[in-house]
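Below is one structure; the comments refer to it alone.
Side chains included, hydrogens not; waters and symmetry mates left out as well; all remaining heavy atoms used. Naming convention: chains lettered A, B, ... in sequence-line order (proteins, then strands); numbering from 1 in each chain. No experiment lies behind these values; they were computed from the predicted model shown.
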Protein chains: 2
Amino acid sequence: MLVVDDEASIRRALRINLTARDYTVHVAEDGRSGLRSAASHRPDVVILDLGLPDMDGVEVIRGLRGWSQSPIIVLSAREREHDKVDALDAGADDYVTKPFGMDELLARLRAATRRAMSAAADEPVVATEHFTVELAAKRVTDVTGREIRLTPTEWEIVELLVRNDGRLVSSRQILTQVWGEGYQAETHYLRVYLAQIRRKLEPDSSRPRYFRTEPGMGYRFVSSG
Amino acid sequence: MLVVDDEASIRRALRINLTARDYTVHVAEDGRSGLRSAASHRPDVVILDLGLPDMDGVEVIRGLRGWSQSPIIVLSAREREHDKVDALDAGADDYVTKPFGMDELLARLRAATRRAMSAAADEPVVATEHFTVELAAKRVTDVTGREIRLTPTEWEIVELLVRNDGRLVSSRQILTQVWGEGYQAETHYLRVYLAQIRRKLEPDSSRPRYFRTEPGMGYRFVSSG
DNA sequence: TTGCGGCGTAAGGAAAACGTCAAGATCGCC
DNA sequence: GGCGATCTTGACGTTTTCCTTACGCCGCAA
């Protein structure tokens, strides 16, 4: 958790309150050091004051959103609607007007982290012990870095499952997403393709570890455990 | 998109503004019809006024969160911090105080849908001392993090009971929801499946702690106490 | 005690879902 | 047209789930 605010009293109040609730808190007093701290500590939430001395708050949001998907909660004395709109559209997750109550802030924090929990599936790269899936590049590589070739259909299934790491994806969902609306009954396709995917990616394709079958329900990719 | 508000002028203003921006808008003027509309139309966003004539707004949020993960934006004239905290903790995604500007609302709407898109599902989790149920992922894990496998029927029963944490669910309700209309007499199915569920999840299956029998009535899941 | 109704447990065969192999059918490209 | 890669389709064996039957326990009332 990173708090960026130029008012020392607010930094202090937040650090005390948040530390008491078991957050690990880093603080910064201007935009530049805030961005630097974010880059090194990779906070899972950012609380950001818009009225910073060195740069415009919206620029800080853009700087963060360049590489991070962590929730950003904006704190600001400005009531003007225009400011809120700009901040939210730049990628902020919430906007709280000063003066604010600590309970409200904590509640909004809970709401934001609750939402962000599964947003981790957005990560462009999912790595396992045996292979790595690069979603953006549409590539799967060996543990040695060698590319594993997937056919277009295989890739679509892998991508869908990997994007839902840990979550069960129903057979119908895979079929509609990959083949289209009219194919919800063709569960046989899935069996054939999952077999191919497993042959290419699983260390022991007869005992799947990553692409698991949940009989009667669907399939589930698990990257760890 | 569903708008639930008892003020006709607000319903009208929102319908016009949102329709103009290519949202498909349904409206409702009280909590009960709002929940009904949500159940049939499955909106991808809900805008909800807290001050409804027939039920408490927080109850409406809970009713929606029972089955839907769509973002809920709360609209309210109440400034009290306590109200905000309750609404957010019940599962609302954002809280806008009346009177509000249309631009701000639209910005918060964009922020909410943007988040919902990547976060596809914000994951409701029910944790007990002995196991954890992740509803969105359709997964039950051990206290050590190991997965406990449930069959489709077992999962449906567990999900139904867990979603009604603390509440009594009648045998008939379980039978109709899991097997269908014509199975209300097959209470034996329940005994068989509850036994299996308990064997898998209860620390001492002969003395159930989480999946309790209410003789003559039904079953009740209690996550704590 | 005996019988009855509601509940819990165990086990086996039928049915459904799944995995595998391999042979067509398609498609795009040279 | 011919070729290779990919996608469909079919057949068959295996695994998993589901339903059913049988039986035991308990409390209660006859």
Side-chain angles (χ1 to χ4, degrees), chain A residues 138 140 147-161 168-180 182-221, chain B residues 138 140 147-161 168-180 182-221:
Chain A
K138 290 198 190 308
V140 183
E147 180 165 353
I148 303 174
R149 263 192 83 63
L150 298 183
T151 74
T153 308
E154 286 164 10
W155 170 260
E156 283 201 67
I157 296 171
V158 168
E159 175 173 10
L160 179 57
L161 290 173
L168 183 131
V169 184
S170 72
S171 301
R172 292 182 53 163
Q173 196 182 333
I174 305 177
L175 286 166
T176 41
Q177 184 123 0
V178 175
W179 278 272
Y183 291 79
Q184 300 194 355
E186 307 291 340
T187 60
H188 186 60
Y189 291 4
L190 286 185
R191 293 199 287 282
V192 173
Y193 274 97
L194 262 293
Q196 287 171 359
I197 290 169
R198 283 168 178 155
R199 243 202 318 279
K200 292 184 179 181
L201 300 182
E202 291 279 357
D204 176 1
S205 64
S206 66
R207 301 185 335 114
R209 170 171 165 185
Y210 301 109
F211 295 90
R212 299 188 187 167
T213 302
E214 303 278 352
M217 304 204 279
Y219 294 87
R220 182 202 307 277
F221 172 76
Chain B
K138 284 202 197 306
V140 183
E147 186 167 342
I148 303 174
R149 173 157 283 160
L150 299 183
T151 74
T153 309
E154 285 163 10
W155 171 260
E156 283 200 69
I157 296 171
V158 168
E159 177 172 6
L160 179 57
L161 290 173
L168 170 72
V169 183
S170 72
S171 300
R172 294 180 53 157
Q173 196 182 335
I174 305 176
L175 286 165
T176 34
Q177 182 125 358
V178 175
W179 278 272
Y183 291 79
Q184 301 194 353
E186 308 289 342
T187 59
H188 184 59
Y189 291 4
L190 288 184
R191 291 198 284 283
V192 172
Y193 274 98
L194 261 294
Q196 286 171 358
I197 290 168
R198 284 168 177 155
R199 234 200 331 273
K200 293 184 179 181
L201 300 183
E202 290 279 358
D204 177 1
S205 62
S206 65
R207 302 189 323 119
R209 171 171 165 186
Y210 301 109
F211 295 90
R212 300 186 186 168
T213 302
E214 303 279 351
M217 322 231 6
Y219 294 87
R220 182 202 307 274
F221 171 76

Starting from [atom2] on [N], measure out to [atom1] on [X] and report it in whole angstrom.
X	N	atom1	atom2	result
B/Glu214	C/dG8	CD	P	11 Å
B/Arg207	C/dG8	CZ	P	15 Å
B/Glu186	C/dC7	CD	P	14 Å
A/Phe211	C/dG19	CZ	C1'	16 Å
B/Arg220	C/dC7	CZ	C1'	18 Å

* Mind checking whether B/Arg220 and B/Leu161 have side chains closer than 4.5 Å, heavy atoms only? ->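 No, their side chains stay 4.5 Å or more apart.
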
Starting at [atom1] of [X], measure out to [atom2] of [Y] and round the result to the nearest 0.5 Å.
X	Y	atom1	atom2	value
A/Glu214	B/Arg149	CD	CZ	4.5 Å
B/Ile174	B/Gln184	CD1	CD	12.0 Å
A/Arg198	A/Ser206	CZ	OG	10.0 Å

* Mind checking A/Trp155 for me? I need base, sugar-phosphate or nothing, with any heavy atom below 4.0 Å counting as a touch. =>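 Result for A/Trp155 = nothing.
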
* Just checking B/Tyr183: base, sugar-phosphate only, or nothing, at a heavy-atom cut-off of under 4.0 Å? ->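 Here B/Tyr183 touches no strand at all.
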
* Asked: In residues 192-199 of chain B, which ones come under 4.0 Å of DNA chain D, going by heavy atoms?
  ->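 Those residues are B/Val192, B/Tyr193.
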
* Asked: Where the side chain of B/Glu154 meets the backbone of B/Tyr193, is there a donor-acceptor pair that is under 3.5 Å apart?
  ->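 Judged by distance alone, no pair lies under 3.5 Å.
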
Please tell me which of the listed nucleotides, [options], lies nearest to the side chain of [X]?
X	options	result
A/His188	D/dG10, D/dT17, D/dC19	D/dG10
B/Arg191	D/dT20, C/dG19, C/dT9	C/dT9
A/Trp179	C/dT9, D/dC7, D/dT8	D/dT8

* To do: Evaluate the side chain to side chain contact (heavy atoms under 4.5 Å, CB included) criterion for residues A/Phe211 and A/Tyr219: first the C-alpha distance (whole Å), next the side-chain angles of each, then the deciding distance (0.1 Å), finally the verdict.
  => CA-CA 7 Å; A/Phe211 295 90; A/Tyr219 294 87; 6.0 Å; no

